[in-house]
**Student:** 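I am attaching a structure below and will ask some questions about it afterwards.
Naming convention: chains lettered A, B, ... in sequence-line order (proteins, then strands); numbering from 1 in each chain.
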Protein chains: 2
Amino acid sequence: MALEHAILVSLRERSGTGYELARRFDKSIGFFWSASHQQIYRTLKRMVDLGWVTVTEVTQHGRPDKKVYEVGDGGLDELRRWLTQPGEPAAVRMELGLKLRGASFGDTDAVLAEIVSHRDQHAERLDVYRVFEKRDFPDPATLSGQRLHQYLVLRGGIRAEQALLDWCDEVIHAMKRDRR
Amino acid sequence: MALEHAILVSLRERSGTGYELARRFDKSIGFFWSASHQQIYRTLKRMVDLGWVTVTEVTQHGRPDKKVYEVGDGGLDELRRWLTQPGEPAAVRMELGLKLRGASFGDTDAVLAEIVSHRDQHAERLDVYRVFEKRDFPDPATLSGQRLHQYLVLRGGIRAEQALLDWCDEVIHAMKRDRR
DNA sequence: AGATGCAGTGCAACTAGTTGCATATGGGGG
DNA sequence: CCCCCATATGCAACTAGTTGCACTGCATCT
C-alpha cells in the first residue's frame with residue numbers, strides 16, 4: 001500500500017501531527033492521493049510500531065494536546081526502498097465511463113446531466129491548479145531538484161483535469177447531437 | 001460500490017458466467033473498471049441474494065458445469081436508480097506523482113527509470129485503443145445510442161492514456177535537463 | 001445563551017479489494 | 001505418464017478504505 005509512503009513523503013517535507021497531515025491530504029498531496037483522518041491516525045500508529053516514524057507528545061495551552069510525528073531512520077530506509085521498487089501503472093477507474101456504457105438501459109438525459117456537472121467541477125479544479133502554477137512556479141525553466149519535482153506533479157494534475165474536461169465536452173457535444 | 005453496477009452493465013449487454021465476466025474485466029470493461037475473479041464470484045452471489053440477477057446451472061460435456069447469470073427485474077431497477085443518482089468526480093490517484101514528489105529523498109534516477117517504463121506502457125495501451133477506434137468505429141459521425149456511448153468511453157480511455165503519456169514525456173524531458 | 005467552526009485524537013463496524021490456496025474436467029505437449 | 005494450460009467455481013485470511021460516532025477546548029458569530 002502507498003498511504004504509508006504518502007505519509008513518509010509528506011512528513012519528510014515537514015514534520016507534523018495527524019491532524020495536519022489530514023489537512024495536507026485535503027490540499028496539495030490530496031490532489032493525487034486522498035486519505036481520511038481515521039486512516040491517517042491508524043496508519044501513523046502502525047508506522048510507529050514499525051519504527052518508521054517517531055512521535056513526540058506536545059502539551060498545548062488553550063487547545064488539546066497533540067502528537068508530532070517525524071520520519072526516523074527506518075522510515076528513510078523504507079522510503080528509499082520503495083522509490084527504487086517498480087510499481088504497476090495506475091489502473092484507470094472511470095465510474096462515468098461505466099454509467100455512459102449503461103446509459104441506454106436507463107435515463108440517458110440523467111447521465112448527460114451528471115457529465116455536465118462533472119465537467120464544471122473539473123473546470124473548477126483546473127482553474128485552481130492554473131492559479132497555483134502561475135503563483136508558485138512563474139518561471140519553470142529555472143526550477144531544479146525538489147522544486148522541479150513539485151512543479152511536475154502539479155503539471156500532472158493539470159493534464160489529468162484538462163483531459164477529463166475535454167472528454168466531458170466531447171461527450172456532451174456528441175450526446176446532444178445524437179438527441180436531435 | 002460500483003462493481004455490482006459494472007456487472008449489471010456487462011450482463012445487460014450480454015448474459016454470461018462468472019468466468020466470462022472475469023475475461024471481460026480483463027478486456028473491454030477492464031479498461032476503465034478492473035476486478036478479480038474472486039471478487040466477481042462473491043459479488044454475483046450477493047446479487048442473486050438481492051434479486052438483481054438470476055442464475056441457471058448448465059451441465060457441460062467435456063468441461064466443468066457452469067452458472068449463467070442474467071439481469072432480472074430487480075437488477076434493471078437498480079441499474080436505472082444508479083444511473084440517475086449523481087456521484088463524485090473520480091479522485092485522481094497517481095502513485096508516480098507521489099514517487100516524484102519523494103524522489104529527492106532517494107534515488108532520483110530510479111524514479112526517472114520507472115517513469116520511462118510507464119511511458120512505454122501507456123504508449124502501448126494507447127496504440128491498442130487506437131486500433132480499436134479505427135477498426136470498430138471507422139465513421140464516428142454516424143454513430144448513435146449504445147454504439148455512440150461505447151465509442152465515447154473508448155475516447156475517454158484514449159484521452160486518459162494520451163494525457164499520461166504526454167505527462168511522462170514532459171517529466172522525462174525536464175528531469176534529464178535538470179540532471180545536466 | 002446557543003450554534004458553529006477549528007484544532008485535536010480516536011474506536012467500532014462496515015464495505016471493498018487482494019492473495020493464496022483448493023478443486024474438478026479434459027486437451028495437448030514433452 | 002506427468003505437467004501445464006484453459007475452463008470453471010469457490011473459501012479463508014488478509015489489507016485497504018469508508019462511515020458514523022464520541023470526546024475535549026477555545027474562539028467567534030448570531
**Student:** Using only side-chain N and O atoms of B:Arg63, determine if any of them is under 4.0 Å from OP1 or OP2 of D:dC5.
**Tutor:**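 Answer no for this pair, as no side-chain N or O of B:Arg63 is under 4.0 Å from OP1 or OP2.
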**Student:** Round to the nearest Å and state the distance from A:Gln39 atom CD to C:dT9 atom P.
**Tutor:** 16 Å
**Student:** Would you say A:Glu95 and B:His5 are linked by a side-chain donor-acceptor pair, where the criterion is simply a distance under 3.5 Å?
**Tutor:**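 No pair is found: no donor N or O on one side chain lies under 3.5 Å from an acceptor on the other.
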**Student:** Taking the minimum atom-to-atom distance to the side chain of A:Arg46, which one of C:dG8, D:dA16, D:dG17 wins?
**Tutor:** D:dA16
**Student:** Which part of the nucleic acid does B:Arg23 contact within heavy-atom distance under 4.0 Å: base, sugar-phosphate only, or nothing?
**Tutor:** nothing
**Student:** Distances under 3.5 Å between protein N/O atoms and the N/O atoms of nucleotides 19-24 of chain C, please, pair by pair.
**Tutor:**
from: C:dG20; atom 1: O6; to: B:Gln38; atom 2: NE2; distance (Å): 3.1

**Student:** With a 4.5 Å cut-off on side-chain heavy atoms, are A:Met94 and B:Trp33 touching?
**Tutor:** no
**Student:** A:Asp169 and A:Arg119: salt bridge (charged side-chain N to carboxylate O under 4.0 Å, His left out), yes or no, with the steps?
**Tutor:** CA-CA 7 Å; A:Asp169 281 336; A:Arg119 190 221 97 95; 3.0 Å; yes
**Student:** Between C1' on D:dG17 and CZ on A:Phe25, what's the gap in Å once rounded to a whole number?
**Tutor:** 13 Å
**Student:** A quick test of your reading: do over 12 heavy atoms of other residues, nucleotides or ligands sit less than 6.0 Å from CZ of A:Arg14?
**Tutor:** no
**Student:** Does a donor on one side chain sit under 3.5 Å from an acceptor on the other, for A:Gln162 and B:Arg159?
**Tutor:**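 Looking only at side-chain atoms, B:Arg159 and A:Gln162 do not form any donor-acceptor pair under 3.5 Å.
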**Student:** Would you call B:Leu8 and B:Arg12 a side-chain contact if the rule is heavy atoms closer than 4.5 Å?
**Tutor:**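 Of all side-chain heavy-atom pairs linking B:Arg12 with B:Leu8, none is under 4.5 Å.
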**Student:** Nearest whole Å is fine: how far is D:dA6 C1' from B:Tyr19 OH?
**Tutor:** 5 Å
**Student:** Taking atom P of D:dT7 as reference, at what distance in whole Å does atom CG of B:Asp26 sit?
**Tutor:** 11 Å
**Student:** Whether B:Tyr41 contacts D:dT9 is assessed here as follows: a side-chain N or O lying under 4.0 Å from the phosphate OP1 or OP2. Is that the case?
**Tutor:** yes
**Student:** Determine: side-chain N/O of A:Lys67 to OP1/OP2 of C:dG10, distance under 4.0 Å, yes or no.
**Tutor:** yes
**Student:** Can you tell me if A:Gln60 touches the phosphate of C:dA7, counting only side-chain N or O atoms and a distance under 4.0 Å to OP1 or OP2?
**Tutor:** no
**Student:** Answer yes or no: does atom CD of B:Glu124 have more than 12 heavy-atom neighbours from other residues, nucleotides or ligands under 6.0 Å?
**Tutor:** no
**Student:** Atom CD of B:Glu57 to atom P of D:dT9: distance rounded to whole Å?
**Tutor:**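 Rounding to the nearest Å, CD of B:Glu57 and P of D:dT9 are 9 Å apart.
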**Student:** Measure the distance from CH2 on A:Trp33 to C1' on D:dA16 and round it to the nearest whole Å.
**Tutor:** 10 Å
**Student:** Answer yes or no: does a side-chain N or O of B:Lys45 lie under 4.0 Å from OP1 or OP2 of D:dC11?
**Tutor:**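 Checking B:Lys45 against D:dC11: at least one side-chain N or O falls below 4.0 Å of OP1 or OP2.
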**Student:** Between B:Glu88 (CD) and D:dG17 (P), how many Å, whole number?
**Tutor:**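 It is 18 Å, rounded to the nearest whole Å.
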**Student:** Which whole-number value in Å describes the distance from B:Arg93 CZ to C:dG17 C1'?
**Tutor:**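 B:Arg93 atom CZ is separated from C:dG17 atom C1' by 13 Å.
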